[in-house]
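Okay, so here's the structure we're looking at.
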Amino acid sequence: MSADGNEDKDRKDEGLPDFGHHLSDEEIERALAGFEAEFGEGRDRADRNTDDDSKDDSRFESDVDSESGTEAEAGDETGPTGEQPMEQNGNLDGVADFDQELEGLIGNRAKAAVMVTRLASAELLAAFCQISDISAWCIQAREGAVAVLRNLDGDGPEAAIRDLTTVVSGLSAILAVNRADKLESTLWINGQSGQTFAPPMLFASTADFVEDLMIGTTTVDRLREEGATIFDSGEYDREKAMGIIAAHTRFGAGGSARKGRVE
């Protein structure tokens with residue numbers, strides 16, 4: 001370097017404060033190397049943090065996907081509104097049962113109705129019900145056959161026993177009806193109502209299942225399961241019913257039924 005250049009440099013340095021120390025080339029190189037090393041470590045830490053964040057994000061997305069899938073499956077099972085599916089037929093049956101129960105509570109529909117006879121054969125009683133257009137289950141009993149009526153609406157039970165005692169001349173029967181938990185029993189003959197009975201008097205002279213049916217502690221199906229002999233009038237046509245009646249009836253001379261009797 002020329003002497004003029006050194007002089008110019010000295011003149012420039014004269015305007016700067018003197019700290020008493022000047023870095024050598026070796027010190028500058030070591031400082032740069034340390035800086036590069038620290039920069040590298042910082043970059044590695046940043047990369048590791050980025051990888052950890054990525055893993056966390058992946059786990060989070062996986063958890064979200066799993067929960068979404070579970071909710072989707074639950075939605076398929078419960079429906080779009082989150083409610084459990086309801087069987088339409090089951091719902092309609094429930095409404096019908098409720099309506100019938102309500103009618104029974106207010107007395108517009110009987111809860112139970114039976115016709116108690118002294119007939120020895122429930123099959124014969126079922127045949128009599130068929131020719132009288134009465135739908136009933138007829139149950140065999142030692143005390144006398146009993147008809148459990150299906151039509152419980154309005155005055156259906158009274159109409160049934162009126163028809164039975166009119167069609168089968170001379171047959172007497174007791175109608176027992178439970179309306180709004182009130183039991184009534186009445187003797188019918190020749191289509192006309194007569195004497196009434198207190199329920200305890202009726203139950204004392206009939207089969208035990210009559211009281212159970214009237215108060216609702218048993219059903220026809222349960223009696224059948226227990227071995228009761230039951231005939232359904234709905235399973236007969238008129239021809240079959242007349243054949244059953246003929247088999248149980250002894251005719252008098254000339255085929256007259258006037259002197260005959262029913263067994």
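In this text the structure is predicted, and so the values were computed from the model without any measurement. Throughout, residue positions are numbered sequentially from 1 according to the sequence presented.
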- Please report the shortest heavy-atom distance between Asn190 and Gly170, naming the atom on each side. OD1-N, 3.5 Å
- Task: Run the numbers on Lys111 and Glu184 for salt bridge (Lys or Arg N to Asp or Glu O under 4.0 Å), then give the verdict.
- Result: CA-CA 12 Å; Lys111 291 187 174 182; Glu184 297 179 347; over 6 Å; no
- Query: Are Leu119 and Ile230 connected in the hydrophobic side-chain network, where two residues link if heavy atoms are under 4.5 Å apart?
  - Reply: no
- Message: Distance check, rounded to the nearest 0.5 Å: Thr249 atom OG1 versus Met242 atom CE?
- Response: 8.5 Å
- Out of curiosity, does Val116 fall in the hydrophobic cluster containing Trp137 (side-chain heavy atoms, cut-off under 4.5 Å, transitive links)? yes
- Query: Any chance CG of Asp153 has more than 12 other-residue heavy atoms, nucleotides or ligands included, within less than 6.0 Å?
  - Reply: yes
- Item | Candidate pair Ile215 and Asn178, rule side-chain contact (heavy atoms from CB on, under 4.5 Å), full reasoning | CA-CA 8 Å; Ile215 64 178; Asn178 180 348; 5.6 Å; no
- For Thr165 and Trp188 the tightest heavy-atom approach is CG2-O, 3.8 Å
- Message: Any heavy-atom pair between the side chains of Leu175 and Leu149 that's under 4.5 Å?
- Response: yes
- In short, Ser135 meets Ser233 closest at the heavy-atom pair CA-OG, 3.6 Å
- Query: Does CD belonging to Glu226 count more than 12 external heavy atoms closer than 6.0 Å?
  - Reply: yes
- Message: Pair Asp221, Arg224 - check salt bridge (Lys or Arg N to Asp or Glu O under 4.0 Å), show working.
- Response: CA-CA 5 Å; Asp221 289 338; Arg224 183 180 287 110; 3.1 Å; yes
- Task: Enter the distance from Asn108:CG to Asp155:CG here, rounded to the nearest 0.5 Å.
- Result: 11.5 Å
- Message: Once rounded to the nearest 0.5 Å, what's the spacing between atom OG of Ser185 and atom CD of Gln195?
- Response: 9.5 Å
- Task: Please report the shortest heavy-atom distance between Cys129 and Met115, naming the atom on each side.
- Result: SG-CE, 4.1 Å
- Task: Considering non-hydrogen atoms only, spot the tightest contact between His248 and Glu123 and give its length.
- Result: CE1-OE1, 3.6 Å
- Task: Give a yes or no on whether the backbone of Thr217 and the side-chain of Arg222 come within a donor-acceptor separation of less than 3.5 Å.
- Result: yes
- Is there side-chain contact between Ile139 and Leu223, with heavy atoms separated by less than 4.5 Å? yes
- How many angstroms lie between CG in Asp133 and CG in Asn151, if you round to the nearest 0.5 Å? 12.0 Å
- Query: Sub-3.5 Å donor-acceptor pair from the side chain of Thr218 to the main-chain atoms of Phe209, do we have one?
  - Reply: no
- Task: Working to the nearest 0.5 Å, report the span between CZ of Phe203 and CG of Asp212.
- Result: 9.0 Å
- Note on the structure: Between Ala145 and Ala122 the two heavy atoms that sit nearest each other are CB-CA, 3.7 Å
- Taking the side chain as C-beta and beyond, is there a heavy-atom pair between Val167 and Phe128 under 4.5 Å? no
- With the side chain counted from C-beta on, respond yes when Glu158 and Val177 share a heavy-atom pair under 4.5 Å apart, and no when they do not. yes
- Check whether any side-chain N or O of Ser205 sits under 3.5 Å from a backbone N or O of Leu202 as a donor-acceptor pair, and report yes or no. yes
- Item | Path from Tyr236 to Leu124 over hydrophobic side-chain contacts below 4.5 Å | no
- Query: According to a 4.5 Å side-chain heavy-atom criterion applied to Ile, Leu, Val, Met, Phe, Trp and Tyr, with indirect links allowed, do Leu164 and Leu187 form part of one hydrophobic cluster?
  - Reply: no
- So Leu125 and Thr117, side-chain contact (heavy atoms from CB on, under 4.5 Å) or not? Walk me through it. CA-CA 8 Å; Leu125 179 57; Thr117 73; 4.0 Å; yes
- Task: For the residue pair Arg162 and Gln192, establish whether any side-chain heavy-atom pair is separated by less than 4.5 Å.
- Result: no
- Are any of the side-chain heavy atoms of Ile244 and Phe231 separated by less than 4.5 Å? no
- Rounded distance (nearest 0.5 Å) linking atom CG of Asp208 with atom CG of Leu213: 11.0 Å
- Minimum side-chain heavy-atom gap Arg150-Asp232 below 4.5 Å: yes
- Side-chain touch Thr186/Ile174, heavy atoms, less than 4.5 angstrom: no
- Task: State plainly whether one hydrophobic cluster holds both Ile245 and Leu171, where clusters connect Ile, Leu, Val, Met, Phe, Trp and Tyr through side-chain heavy atoms under 4.5 angstrom apart.
- Result: yes
